[in-house]
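Since we're looking at a predicted model, the values are computed, not measured.
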Amino acid sequence: MNTPVQTLLVPTDFTDKSRNAVNLAVQVALRHEARMLITHTVPANFIIDHTGRQLIGGERVSQNVETAVRDLRTLYEALTAEYPALTLETRVTTGEVCDSLNELALELGADLIIMGTSGVQKFRQALLGSHSYSVLNRAVCSVMLMPESRTQYEFKKILFPVRAVDHLALKMEFALAIANRNESEISLMGVGNMDNMPAVRDAFLQMKEQLQHNAEYFNSKLVLTADNAEMISQTTESESSDLVILNFEDEMKWKSLFSENFFKKIINDTDTALLFVKPRNPEPIPVDINSYDITLPIPG
C-alpha cells in the first residue's frame, strides 16, 4: 500500500538521545523506502538595531559550522556503509532550531520529523520547553518523539486513541501504513467522558469499520474515563505499546500555561514513541528567540 511516510527530517545535536532518534529514523526510512535528511542547526545570536541585523561571534559560528559538517559527514559515511539501500542526505543550518527545521520541511515536503527526547519529562521541562517540545508545537508537519531509553525500532503494537474527530483520516493513513510495514497489531481505543462520549463513539465506530476492511490485526475497546491522558498512558504500559498515534491539533486545544494538561501529561507519563499527526502547514509561526531589539527595553 502507499505510505504517507516518504520524506523524513531528523535533527541531531550529536547526543545519545538524538543518535537514538537517528537509529529509529533509519529503520523507518528503510521500511517505507523513504528518503531521509539529517540536519544540525548551529545557533547564531544577533543584535538588531536600526541598520539591520548584525551577527555576533561570526568567527565562532563558522567554526561550529565546520565542526558540524565534519561530524555529519562521519555519520553519513557510517550509515551508508552499514545500510547501502538508505537514501540519505545531510545539511547544516544556522539560526533558530524550529525555524530552520520548518524551512527544511517546507523545502523537502517532509512528511515526518523524528526527534529524540530524554524520555519521561519533568513538568518543569515541559512547561519551559526543550527543543523537542518547541518543535512539536511549531512544526509544519507531523512529529515523532523517541525517548532515549527506547531501543525498540519496530512498531509491533500500535495504540490508536480516538478522543476527537479532527484529521482522523490522516491519522488512520499513518496507522495503516506503519502497521503494514511492521506487520503490527493496532489497538483502537475510544476514550471520552460523559459529555463527549456520543461524538467519540461515532468516530470510534468509523475508525473500527476502516480497520475491519484494511487492517490484518486489530482489537478495539471503548472506555469512559475522567482522565483521557492517564487512561492512554496506562493502556500504553499495560499493552506494551511500541507507538502511540495522537492527534496533535486536538491536544493543543487543551494547552494551558498553569496546569498539566492532556498534551503535557502524555509526554510526561508515556515512555514510548509518540507520533503527533498534523496536516502540513505552509505558514509556520516564526519566533526569533536568539535576538534582541536594542531600540526596546530589555524584557524583565
Lys171 side chain vs Pro161 backbone, donor-acceptor pair below 3.5 Å: yes

From CA spacing to verdict: side chain to side chain contact (heavy atoms under 4.5 Å, CB included), Ile245, Phe276: CA-CA 6 Å; Ile245 304 182; Phe276 296 87; over 6 Å; no

Side-chain heavy-atom pair Glu154, Gln152 within 4.5 angstrom cut-off: yes

Reported CE-to-CG distance for the pair Met144 and Leu8, which is rounded to 0.5 angstrom: 8.5 Å

side-chain contact (heavy atoms from CB on, under 4.5 Å) partner of Leu37, the single match among Thr7, Leu104, Leu88: Leu104

Nearest-0.5 Å distance, CD of residue Glu216 to CG of residue Leu211: 12.5 Å

side-chain hydrogen bond (donor to acceptor under 3.5 Å, both in side chains) partners for Asn64, two or more places apart: none

Heavy-atom pair with the smallest gap, counting every atom of Ala177 and Pro4: CB-CD, 3.3 Å

Salt bridge (Lys or Arg N to Asp or Glu O under 4.0 Å): pairs with one or both residues in residues 24-39, sequence neighbours excluded: Arg35-Glu89

Salt bridge (Lys or Arg N to Asp or Glu O under 4.0 Å) partners of residues 223-244, not counting sequence neighbours, each pair once: Arg150-Asp242, Lys221-Glu239, Asp227-Lys265

Shortest non-hydrogen contact between Pro147 and Asn20, atoms and distance: O-ND2, 2.9 Å

Distance, nearest 0.5 Å, that separates CG of Leu275 from CG of Leu246: 8.0 Å

Distance-only polar pair, side chains of Thr270 and Ser233, donor-acceptor under 3.5 Å: yes

Side-chain donor or acceptor of Asn102 paired with backbone N/O of Val140 under 3.5 Å: yes

Heavy-atom donor-acceptor pair, Lys156 side chain to Asn182 backbone, under 3.5 Å: yes

Cluster link Tyr83 to Leu75, ILVMFWY, side chain under 4.5 Å: yes

Residue pair Phe204 / Met189, side-chain heavy-atom distance below 4.5 Å: no

Thr41 side-chain N/O to Thr93 backbone N/O, donor-acceptor pair under 3.5 Å: no

Side-chain (Asn193) to main-chain (Asn196) donor-acceptor, under 3.5 angstrom: yes

Atom of Gly192, atom of Asn228 and distance for their closest heavy-atom approach: N-OD1, 3.8 Å

Sequence neighbours excluded - salt bridge (Lys or Arg N to Asp or Glu O under 4.0 Å) pairs with any residue from residues 64-77: none

Lys278 side chain vs Ala139 backbone, donor-acceptor pair below 3.5 Å: yes

4.5 Å side-chain heavy-atom contact, Tyr76 and Ile38: no

Contact check, side chains of Ile186 and Ile178, non-hydrogen atoms, under 4.5 Å: no

Spacing of Thr39 atom OG1 and Leu108 atom CG [to the nearest 0.5 Å]: 9.0 Å

From Leu188 atom CG to Gln212 atom CD, the distance as rounded to the nearest 0.5 Å: 10.0 Å

Point-to-point distance, once rounded to the nearest 0.5 Å, from CG of Leu224 to CE of Met197: 4.5 Å

Side chain to side chain contact (heavy atoms under 4.5 Å, CB included) between Val92 and Val42, intermediate numbers included: CA-CA 7 Å; Val92 175; Val42 175; 4.1 Å; yes

Ring pair (Phe, Tyr, Trp, His ring centres under 6.0 Å) pairs, two or more places apart, involving residues 10-39: Phe14-His40

Pairwise salt bridge (Lys or Arg N to Asp or Glu O under 4.0 Å) hits with a residue in residues 184-202, at least two apart: none

Whether Asp99 side chain and Glu96 backbone form a donor-acceptor pair below 3.5 Å: no

Contact check, side chains of Asp271 and Thr236, non-hydrogen atoms, under 4.5 Å: no

Polar side-chain atom of Asn219 near backbone of Ser187 as donor-acceptor pair, under 3.5 Å: no

Side chain to side chain contact (heavy atoms under 4.5 Å, CB included) between Leu159 and Thr272, intermediate numbers included: CA-CA 11 Å; Leu159 181 62; Thr272 194; over 6 Å; no

Where Lys157 and Ser240 come nearest, the two heavy atoms and their spacing: CD-O, 3.8 Å

Intermediate values then yes/no, side chain to side chain contact (heavy atoms under 4.5 Å, CB included), Thr94 and Val61: CA-CA 8 Å; Thr94 60; Val61 171; 4.2 Å; yes

CA sep, side-chain torsions, deciding dist, call: Arg19, Glu148, salt bridge (charged side-chain N to carboxylate O under 4.0 Å, His left out): CA-CA 9 Å; Arg19 181 54 197 262; Glu148 181 180 353; over 6 Å; no

For the student: nearest non-hydrogen atoms of Asp111 and Phe174, plus distance: O-CZ, 4.0 Å

Nearest heavy-atom neighbours spanning Arg138 and Cys98: NH1-CB, 3.0 Å

Validation row: Met115, Val135 side chains within 4.5 angstrom (heavy atoms): yes

